[in-house]
Trainee: 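The structure that follows is given in the form of structure tokens.
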Amino acid sequence: MKRQSVVAKKKFGQNFLKDESVLRKIVEAMPKNENKIVEIGPGLGDLTKFLVDVKSVEAFEVDTDLCKLLQDTFKKEIDTKRLHLNCGDVLQAWQTTLIDEPYDLVANLPYYIATNIILKALADPMCKSILVMVQLEVAEKFCAVAGEKVFGSLGIITQSVGTAKIIVKVPPTAFDPQPKIDSAVFLIEKSADRSDKDFEDMLRVAFTQPRKTLMKNLSAKYEKSRLQEAFSELELTLTIRPHQVSTKDYHQLYKII
Ligand code: SAM
């Protein structure tokens, strides 16, 4: 099957990456180690071609038409076990871990489930790093630091398990069909796993109304006198906004309250 004969399916978030310079930047940014690569949504296989050149790949593709195409394109790699292709919804396949050996996630993600996939990978003890293309706005949230307007739960969760940085911003023209929004590739290198549900519950309360003060948001769930003690201990002003507090202070606050 030729690329031209493939009609992209909107419902699966299919925007195929055709700019080879971006594909090369993704491969260059991959952590250098012995881990397997997991690719979610290989699509037409443009990124997969680069990945199987470097390492063994475990891929998950939901679209049965694309799965057939990939089985033809990568017959040799599948026969030699360089590529293992799972046809089906990755979210259905994902238990506590997605595969049972250490892996690095490398993917141009389907945007409609990108945040969900990244949060699952952050919690997956087998996942060691995440190098993904997503909507620029989403990448900025994961990579944000305290003080930035977009700093929120996603940035705090990420900083609690490792480090994150934007690798390259990508315009719509890099894709076929072109999305309406800008995209970015970013990398999270993990040193721990996301695990503390109560901490994340506190973050949800802290950012309920991002423009209100942190004290006002937290008072909805936590005892005010306890909060006042904690704020004074951490030298946080009563007017501080949720995005102005560092990840370290959020962890201290959690311990105290
Ligand atoms: N990797 C290709 C590229 O860079 O050109 C395609 C990327 S496209 C943005 C997203 C891919 O994810 C599509 O191939 C789509 O069919 C696949 N996909 C969407 N939802 C999925 C799911 N739940 N499980 C597995 N793959 C999915």
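Residues take their numbers from the sequence shown, with the count starting at 1. First listed ligand is number 1; within each ligand, the first listed atom is number 1. Please read these numbers as outputs of a predicted model, since none were measured by experiment.
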Trainee: Do ligand 1 and Y112 have nitrogen or oxygen atoms that lie under 3.5 Å from each other?
Mentor: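 Yes; at least one N/O pair falls below 3.5 Å.
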Trainee: What are the atoms of ligand 1, with element, lying closer than 4.0 Å to any heavy atom of G13?
Mentor: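 What qualifies from ligand 1 is 8 (S), 9 (C), 10 (C).
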Trainee: At under 4.0 Å between heavy atoms, which part of E39 makes contact with ligand 1: side chain, backbone, both or neither?
Mentor: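 It is the side chain that gets close, since no backbone atom is under 4.0 Å.
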Trainee: Output the list of atoms in ligand 1 that are nearer than 4.0 Å to some heavy atom of L66, sorted by atom number.
Mentor: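 Selected atoms, number and element: 14 (O).
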Trainee: Report the C-alpha distance between E229 and R226 in whole Å, list the side-chain angles of each, state the deciding distance to 0.1 Å, and finish with yes or no for salt bridge (Lys or Arg N to Asp or Glu O under 4.0 Å).
Mentor: CA-CA 5 Å; E229 267 172 50; R226 194 106 188 90; 3.3 Å; yes
Trainee: Is a side-chain donor or acceptor of D46 paired with a backbone partner of K18 at a separation under 3.5 angstrom?
Mentor: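 Not confirmed, D46 side chain does not pair with K18 backbone.
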Trainee: Which of the atoms of ligand 1 are close to L17, meaning less than 4.0 Å from one of its heavy atoms?
Mentor: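 Close to L17: 3 (C), 4 (O), 5 (O).
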Trainee: Between ligand 1 and G88, can you find any atom pair, the residue atom being a heavy atom, that is separated by under 4.0 Å?
Mentor: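 G88: in contact with ligand 1 (<4.0 Å).
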Trainee: How far apart are the C-alpha atoms of K68 and D72, what are their side-chain angles, what is the distance that settles it, and do they pass the salt bridge (Lys or Arg N to Asp or Glu O under 4.0 Å) test?
Mentor: CA-CA 7 Å; K68 281 185 207 130; D72 288 347; over 6 Å; no
Trainee: What do the steps show when you test V106 against V27 for side-chain contact (heavy atoms from CB on, under 4.5 Å), and what is the final call?
Mentor: CA-CA 9 Å; V106 183; V27 176; over 6 Å; no
Trainee: Does I113 reach ligand 1, in the sense of a heavy atom lying below 4.0 Å from it?
Mentor: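 Under 4.0 Å: yes for I113.
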Trainee: I'd like to check which ligand 1 atoms, numbered from 1 as shown, lie under 4.0 Å from a non-hydrogen atom of Q14.
Mentor: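 By the 4.0 Å cutoff, the relevant atoms are 13 (C), 15 (C), 16 (O).
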Trainee: Roughly how far apart are T158 OG1 and L122 CG, rounded to 0.5 Å?
Mentor: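 If I round to the nearest 0.5 Å, the distance is 5.5 Å.
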Trainee: Going by distance alone, is a donor N or O of one side chain under 3.5 Å from an acceptor N or O of the other, for Y111 and S183?
Mentor: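 Y111 vs S183: donor-acceptor pair found between side chains.
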Trainee: Classify the ring geometry of F142 against F186: parallel below 30°, tilted from 30° to 60°, perpendicular beyond 60°.
Mentor: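 Rings of F142 and F186: parallel, as their planes differ by under 30°.
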Trainee: In Å and rounded to the nearest 0.5 Å, what is the CG to CG distance from L105 to L98?
Mentor: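 So the gap between those two atoms works out to 8.0 Å.
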Trainee: Please work out whether any backbone atom (N, CA, C, O) or any side-chain heavy atom from C-beta onward of L109 is under 4.0 Å from ligand 1, and answer side chain, backbone, both or neither.
Mentor: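 The answer is the backbone.
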Trainee: Atoms of ligand 1 less than 4.0 Å from G43 heavy atoms?
Mentor: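 The list of qualifying atoms is 6 (C), 14 (O).
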Trainee: At less than 4.0 angstrom from any non-hydrogen atom of F12, what atoms of ligand 1 do you find?
Mentor: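 Listed by number with element: 15 (C), 16 (O), 18 (N), 19 (C).
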Trainee: Any Lys/Arg nitrogen of K49 or D53 sitting under 4.0 Å from an Asp/Glu carboxylate oxygen of the other?
Mentor: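 Salt bridge absent between K49 and D53.
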Trainee: What part of D46, side chain, backbone, both or neither, has a heavy atom within less than 4.0 angstrom of ligand 1?
Mentor: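 Neither part.
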Trainee: When you measure from atom 24 (N) of ligand 1 to each heavy atom in N116, V22, V90, which option holds the nearest one?
Mentor: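 Looking at heavy atoms only, the winner is V90.
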Trainee: Which residue from N108, V62, I117 reaches closest to atom 22 (C) of ligand 1 through any of its heavy atoms?
Mentor: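 Ranked by closest heavy atom to atom 22 (C) of ligand 1, first place is V62.
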Trainee: Could you tell me, atom by atom, which parts of ligand 1 come under 4.0 Å of a heavy atom of D89?
Mentor: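 Close to D89: 22 (C), 23 (N), 24 (N).
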Trainee: Does the pair I118 and I188 meet the rule for a side-chain contact (heavy atoms from CB on, under 4.5 Å), with working shown?
Mentor: CA-CA 10 Å; I118 297 164; I188 300 175; 4.2 Å; yes
Trainee: Would you say that more than 12 heavy atoms from the other residues, nucleotides or ligands in this model lie under 6.0 Å from the NZ of K9, or not?
Mentor: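 Yes.
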Trainee: Is it the side chain (CB and beyond), the backbone, both or neither of F16 that lies under 4.0 Å from ligand 1, heavy atoms counted?
Mentor: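 The part of F16 near ligand 1 is both the backbone and the side chain.
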Trainee: Going by the atom numbers of ligand 1, which of them fall below 4.0 Å from some non-hydrogen atom of P42?
Mentor: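 Heavy-atom distances to P42 below 4.0 Å select 1 (N), 2 (C).
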